[in-house]
Student: 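Please read through the structure below; I'll follow up with questions.
In listed order, ligands and their atoms are each counted from 1. All values below were derived from every heavy atom in this structure, side-chain atoms included, with hydrogens, water molecules and symmetry-related copies excluded.
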Amino acid sequence: MSRTYFDRAEPIVALATPEGRSALAVIRTSGENAVDIVARCFSQPQALLGAEGYHAVYGWIFDPVSQERLDEVVALVFRAPHSFTGENAVEIMCHGSTAVAQRILEVLYTQGFSPALPGEFSFRAFAGGKTDLVRAEAINELTHASCEAARHDALQRLSGVLSRKLEEIRNLMIDVLADINARLDYPEDEGPEETDRWVQLMQRAQDELSDLIRSYPGGRLRQEGLLVVIAGRPNAGKSSLFNLLVREERAIVSPEPGTTRDWLEAWISIGDFAVRIVDTAGLRNTGNSIEAEGVRRSHALLARADVILYLVDGTVGLDDEDRSFVARYPRALLLWNKADLSRCMPAPSAWAAVSAKDIHSFGSFESMLKSALHSSIQEARTSGQYEAQVRIASERQARLLRQAHEAIAQAMEAQTAGAGLDLVALHIRESAECIGEITGDIAPDEVLERVFSTFCLGK
Ligand SMILES: Nc1nc2c(ncn2[C@@H]2O[C@H](COP(=O)(O)OP(=O)(O)OP(=O)(O)O)[C@@H](O)[C@H]2O)c(=O)[nH]1
Ligand SMILES: [Mg+2]
């Protein structure tokens, strides 16, 4: 039977750095007897066994069966509970080739370590009470941060800003619940000033929840970056624009329609945002199956795009396919390309005349993106509000916050309608439970498995 996150007695090991070539690699272990197991294949076993926490020991890893030396390493010892997982742990810094890391891992497996599941170290930190679920998710977000904005927000969540805000909101609810329970026990004591106070507390909780929910589109953009998709009929100049924006001759440009068959992407940064720019296959009805697949992929990307740049060749003009595209994607930015050529026709209204050969014809690309994204990018802007703002970036958190908000709204409605106090309490409890699921206090096992399985191996 395969292991699960809940088999916490097993000692685990994983490569914590990417596979491939690098100066060093880090192999991470954790478990009650982690130090003892590593010592069996370490050239200085006594030094390792006697090492205090946070001490590094130099030595060789060898295969205890063949006695073959595998690599010269530094082993860093952690003693429970002062480690990331809260368990005893050894982190081995070895040379960074796949061959070295693989041999060391194989020897550690034969000595008793199990291969860790994705995010299993973080899961153990969570299960051992070292972190809540929001902070654990922030660790994963930090490992994925692709720009300054993403790093900043993830670190803020890791330092507990969001967890504390959620705790505050939950305390408001618990405050009301405690009062209501007392009233249920002594109904004759209820006075109007008391219900006013409950309504005020619930209103505050609801406002705080609304603020967090509103922060999601901006938080998500900051975390995941913007997806900008360039689309248009064949030969409109999409690949030329792509190359211009990424400042590199990445995509093949040619006068032959149908040059780009599959999409191509590159990351650029604008301010402290990461922007993923995608060049797509020209949109047209075609009998060619490879090109048709390219067109299908273009539409799949368009469905997820934050910004669509739709290009038309201004020397050719609009046709029915362009018009139906604009009707299908009304938020697309409409670009009338090849404006540098004298035979380019005047741009119709709503279309901006540009040249994919000249970046200056776009004005500021950043302000163009900003105007396309209106409120979310405005909210996601960084300056000034860096420290004050608490944002969420995960769909899971957003969904639970919406549920919590809905339940509080129902509690307030029940209160206003003069419904029984037990019904009001039921809705408040439901709301508080949603918050508990966000922080992991009451998250079911399958929710935890789903969250941690998206983490990197070795994290
Ligand atoms: N003068 C001028 N030529 C352009 C401009 N944009 C693209 N071209 C030319 O138009 C032709 C097609 O450009 P591409 O960038 O390959 O067009 P595409 O939309 O990627 O085409 P497909 O990949 O076939 O769908 C090439 O010869 C480019 O040099 C422009 O703004 N001005
Ligand atoms: Mg192309």
Student: Against heavy atoms of Leu341, which atoms of ligand 1 measure under 4.0 Å?
Tutor: 1 (N)
Student: How far is atom 31 (O) of ligand 1 from its nearest protein heavy atom, and which residue and atom is that?
Tutor: Ala356 N, 2.8 Å
Student: Among Asp358, Leu244, Asn337, Asp340, which one puts a heavy atom closest to atom 1 (N) of ligand 1?
Tutor: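 Heavy atom nearest to atom 1 (N) of ligand 1 belongs to Asp340.
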Student: N/O/S of Thr280 less than 2.8 Å from the Mg ion (ligand 2)?
Tutor: no
Student: What residue and atom, counting heavy atoms only, is the protein's closest point to atom 8 (N) of ligand 1, and at what distance?
Tutor: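 Checked against all protein heavy atoms, atom 8 (N) of ligand 1 sits closest to Lys338 CE, 3.7 Å.
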Student: Starting from atom 4 (C) of ligand 1, what is the nearest protein heavy atom, named by residue and atom, and what distance separates them?
Tutor: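 Nearest protein contact, heavy atoms only, for atom 4 (C) of ligand 1 is Lys357 CE, 3.5 Å.
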Student: Evaluate the salt bridge (charged side-chain N to carboxylate O under 4.0 Å, His left out) criterion for residues Arg164 and Glu167: first the C-alpha distance (whole Å), next the side-chain angles of each, then the deciding distance (0.1 Å), finally the verdict.
Tutor: CA-CA 5 Å; Arg164 281 193 292 278; Glu167 193 58 37; over 6 Å; no
Student: So which bit of Thr259 gets within less than 4.0 Å of ligand 1, heavy atoms only: side chain, backbone, both or neither?
Tutor: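 For Thr259, backbone and side-chain atoms both sit under 4.0 Å from ligand 1.
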Student: Can you tell me if Arg261 contacts ligand 1 (heavy atom of the residue under 4.0 Å from the ligand)?
Tutor: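 So Arg261 does not count as touching ligand 1.
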Student: Give a yes or no on whether Ser239 keeps an N, O or S atom under 2.8 Å from the Mg ion (ligand 2).
Tutor: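 True for Ser239.
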Student: Numbering the atoms of ligand 1 from 1, which are under 4.0 Å from a heavy atom of Glu256?
Tutor: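 In order of numbering, the contacting atoms are 24 (O).
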Student: Is it the side chain, the backbone, both or neither of Pro257 that has a heavy atom closer than 4.0 Å to ligand 1?
Tutor: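 Looking at Pro257 and ligand 1, just backbone atoms fall under 4.0 Å.
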Student: When rounded to the nearest 0.5 angstrom, what is the spacing between CG in Leu226 and CG in Asp306?
Tutor: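 It comes to 5.5 Å.
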Student: Is it true that Arg402 and Glu406 have a side-chain N and a carboxylate O under 4.0 angstrom from each other?
Tutor: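 Not counted as a salt bridge, because no side-chain N and carboxylate O are separated by less than 4.0 Å.
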Student: Using the side-chain contact (heavy atoms from CB on, under 4.5 Å) rule, take Leu264 and Phe242 through it: C-alpha gap first, then chi angles, then the decisive distance, then the call.
Tutor: CA-CA 9 Å; Leu264 195 69; Phe242 176 81; 3.8 Å; yes
Student: Identify, for atom 15 (O) of ligand 1, the protein heavy atom at the shortest distance, and state residue, atom and that distance.
Tutor: Ser240 OG, 2.6 Å
Student: Regarding atom 21 (O) of ligand 1: of the candidates Asn235, Leu241, Ile252, which has the closest heavy atom?
Tutor: Asn235
Student: Minimum heavy-atom separation for Ala150 and Arg222, please, with both atom names.
Tutor: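 What the structure gives for the nearest pair is CB-O, 3.2 Å.
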Student: Quick one, Glu321 with Arg233, criterion salt bridge (charged side-chain N to carboxylate O under 4.0 Å, His left out). Give me CA distance, side-chain angles, the key distance, then yes/no.
Tutor: CA-CA 8 Å; Glu321 271 189 64; Arg233 279 192 286 140; 5.9 Å; no
Student: Provide, to 0.1 Å, the distance between atom 28 (C) of ligand 1 and the closest protein heavy atom, together with that atom's residue and name.
Tutor: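 Protein heavy atom at minimum distance: Val253 CG1, 3.5 Å.
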Student: Ring of Phe84, cation from Lys459 - is the NZ or CZ under 6.0 Å from the centre and inside 45° of the axis?
Tutor: yes
Student: Can you tell me if Gln223 and Arg157 form a side-chain donor-acceptor pair at under 3.5 Å?
Tutor: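 Indeed, the side chains of Gln223 and Arg157 share at least one donor-acceptor pair under 3.5 Å.
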Student: With a 4.0 Å cut-off on heavy atoms, is Gly232 in contact with ligand 1?
Tutor: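 False for this residue.
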Student: Would you say the side-chain atoms of Ser239 and Thr260 include a donor-acceptor pair closer than 3.5 Å?
Tutor: yes
Student: Give the single entry among Pro234, Gly282, Gly258 that approaches atom 24 (O) of ligand 1 most closely by any heavy atom.
Tutor: Gly258
Student: Can you tell me the protein heavy atom closest to atom 17 (O) of ligand 1 and the distance?
Tutor: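 Checking every protein heavy atom, the shortest distance to atom 17 (O) of ligand 1 gives Gly237 N, 3.2 Å.
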Student: Any luck finding a side-chain donor-acceptor pair between Tyr310 and Asp322 under 3.5 Å?
Tutor: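 Note: Tyr310 and Asp322 side chains meet the donor-acceptor criterion.
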Student: Answer yes or no on whether Arg391 is positioned over the face of Tyr216, meaning its NZ or CZ is under 6.0 Å from the six-membered ring centre and within 45° of the axis.
Tutor: no
Student: Just need the protein heavy atom nearest to atom 25 (O) of ligand 1, so name the residue and atom and give the distance.
Tutor: Lys238 NZ, 2.8 Å
Student: So for ligand 1, is Ala236 a polar contact partner (N or O within less than 3.5 Å, distance only)?
Tutor: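 Yes - when backbone and side-chain N and O of Ala236 are compared with those of ligand 1, one distance drops under 3.5 Å.
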Student: By number and element, which atoms of ligand 1 are closer than 4.0 Å to a non-hydrogen atom of Ser239?
Tutor: 15 (O), 18 (P), 20 (O)
Student: For Glu68, is there an ion pair with Arg103 - N to carboxylate O distance below 4.0 angstrom?
Tutor: yes
Student: Pairing donors with acceptors under 3.5 angstrom, does anything connect the side chains of Glu437 and Gln403?
Tutor: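 Result is no, nothing qualifies.
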Student: Where does Ser254 meet ligand 1, judged by heavy-atom distances below 4.0 Å: at the side chain, the backbone, both, or neither?
Tutor: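 The answer is the backbone.
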